[in-house]
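Just below is one structure, and these are the notes that go with it.
Residues: numbered from 1 along the sequence shown.
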Amino acid sequence: MKLSLPLTPLLLCLFLLLISSLSQLQGLTPKCDDDDDNNHTSTLKVFHIFNPCSPFKPQTPISWEQTILQLQEKDQKRMDYLSSLVARRSVVPIASGRQITQSPTYIVRAKIGTPKQTLLMAMDTSNDVAWVPCTGCLGCSSSTAFAPSKSTTFRSVRCGASQCKQAPNPRCGGSACAFNLTYGSSSVAASLVQDTVTLATDPIPAYTFGCIRKATGSSVPPQGLLGLGRGPLALLSQTQKLYQSTFSYCLPSFKALNFSGSLRLGPVAQPKRIKFTPLLRNPRRSSLYYVNLVAIRVGRRIVDIPPPALAFNPTTGAGTIFDSGTVFTRLVEPAYIAVRNEFRRRVGRKIAVTTLGGFDTCYTVPIVAPTITFMFSGMNVTLPTDNILIHSTAGGITCLAMAAAPDNVNSVLNVIANMQQQNHRVLFDVPNSRLGVAREPCT
């Protein structure tokens, strides 16, 4: 019986690989044209940027190692961004400009304007304002852009409007409101506008978002970003009556062929059998979804982590957040070292450990990995092997899919990232100030 448990993920992977190979032999292709309008619910399909259906996947095939290193490099910039948020908010006013996520990881279809124009927007739980490239944008990388002139419901937001004051770094050159922001290595200039945005089958009139007019650099998501944070211009704030500040998602794995994940908006059809942990609010960065991580268990042993490494502190921004944009979970160094060392001990001290990029716990021989359990207030989440390990395509190397937070003075944030969230339903119930997690195979 003990041997059957570690073999289950392996057999599942072999089965999926077999099905994938048969599909290719039979000439089958992913269902990339499935439309959210056909489901008649407030549910959008979600897929990964490396999915075969994604227009943002690499144009030329790259190796598994290159893929992991690319994701890891973007993660580093993402962590720098998140660290800068919790640090800078103690001294900079809320309306100031800020960096946002380096690169999207999961995308959804949104339809904008009348008649509808379809864009694939990155979903991001740590940002608020939505923005898309508009026709005539200088420096935008995508050939797909929103055309305001073709929409009968489009209008600009005036400088005196309350939404203008809520935009990042707002400015007024005339009567219309505009704003600037930085994005990774890019800078963006956008007009603040309103139009009907349709998500699944739900039209949202006069939705406020940014219309990008100029971009420099190559980091801007090609078709825009949908902010799922808790700020005044975020989706939840603009659709309180429609969705009652509630949403959930299930993220598919990196290798899922179809639009198998989902973003479910509103309290209807959310899971009933789900455990919750309280959401915590940091007034200096109110958009982030903080939770109370009290301990981490590797196998059956709760590892010894210094309490300050997990403690929530609104003044410094320390604590733990759930984030849809970071790929691999990052723990502050004392917490990560404790988890890593116990993981290595359980795998076996006689098995040689190697590295891959920023991953410092990799193996070139088959291993039996222990489970890892995140223990939150009122809720434990035990990760299966698929959420803990990354494997090379050829099976030559296996790594623990976690790392230490960047080594700088702002490294106070633990981030539960999207690989560890895959194939789980993560429910954000803001009115009741709670976050729930339940296992749900969506790949």
Side-chain angles (χ1 to χ4, degrees), residues 48-50 58 62-87 99 101-106 126 184-185 219 251 253-255 293 296 298 303 305 309-310 318 320-347 351-365 367 369-370 372 374 383 385-422:
H48 193 272
I49 54 168
F50 287 170
I62 60 176
S63 69
W64 173 83
E65 286 80 6
Q66 288 175 312
T67 300
I68 293 299
L69 292 174
Q70 281 187 11
L71 291 172
Q72 195 177 58
E73 180 184 3
K74 292 175 180 178
D75 254 12
Q76 186 69 27
K77 295 176 181 177
R78 175 79 175 181
M79 288 299 298
D80 290 341
Y81 152 63
L82 292 172
S83 295
S84 71
L85 288 181
V86 298
Q99 284 193 327
T101 166
Q102 162 72 13
S103 174
T105 308
Y106 287 95
S126 295
S185 59
S219 325
L251 303 178
S253 76
F254 302 150
K255 298 178 182 179
L293 177 63
I296 302 175
V298 179
V303 297
I305 298 174
L310 301 180
T320 302
I321 66 168
F322 272 71
D323 179 50
S324 66
T326 308
V327 179
F328 305 109
T329 286
R330 300 295 187 103
L331 302 173
V332 296
E333 191 171 42
Y336 174 71
I337 290 175
V339 171
R340 178 201 67 188
N341 289 350
E342 180 61 16
F343 182 90
R344 290 178 178 179
R345 189 188 73 82
R346 292 294 301 266
V347 169
I351 301 178
V353 177
T354 184
T355 62
L356 175 68
F359 296 111
D360 63 4
T361 302
C362 301
Y363 302 90
T364 56
V365 297
I367 65 169
I372 293 180
F374 293 123
L383 301 176
T385 305
D386 287 348
N387 296 76
I388 297 172
L389 301 177
I390 49 176
H391 308 273
S392 67
T393 307
I397 190 170
T398 298
C399 297
L400 174 63
M402 299 181 188
D407 185 17
N408 60 55
V409 294
N410 295 329
S411 296
V412 295
L413 200 60
N414 300 297
V415 179
I416 309 300
N418 62 49
M419 182 176 176
Q420 281 64 49
Q421 297 178 48
Q422 288 172 9

CG on Leu293 to CG on Leu331, rounded to 0.5 Å: 7.5 Å
Any Gln422 side-chain heavy atom under 4.5 Å of Asp386 side chain: no
Heavy-atom closest pair, residues Asn414 and Ala309: ND2-O, 3.0 Å
Partners meeting side chain to side chain contact (heavy atoms under 4.5 Å, CB included) with Thr355 (sequence neighbours left out): Asp360
Thr320 vs Phe374 side-chain heavy atoms within contact, under 4.5 Å: no
Listed partners of Ala338 passing side chain to side chain contact (heavy atoms under 4.5 Å, CB included), at least two apart: Val303, Ile305
Any side-chain heavy-atom pair of Leu400 and Ile372 under 4.5 Å: yes
Side chain to side chain, Val353 and Tyr363, heavy atoms closer than 4.5 Å: yes
Heavy-atom closest contact (Asn387 atom, Gln420 atom, distance): O-NE2, 2.9 Å
Heavy-atom side-chain proximity of Val298 to Arg345 below 4.5 angstrom: no
Listed partners of Gln421 passing side-chain hydrogen bond (donor to acceptor under 3.5 Å, both in side chains), at least two apart: Tyr249
Pairing residues for Phe322 by the ring pair (Phe, Tyr, Trp, His ring centres under 6.0 Å) criterion, not counting sequence neighbours: Phe376
Shortest non-hydrogen contact between Ala417 and Phe328, atoms and distance: CB-C, 3.3 Å
Distance, nearest 0.5 Å, that separates CD1 of Ile296 from OG1 of Thr329: 9.0 Å
Under the side-chain hydrogen bond (donor to acceptor under 3.5 Å, both in side chains) test, residues paired with Arg346 that sit two or more places apart: none
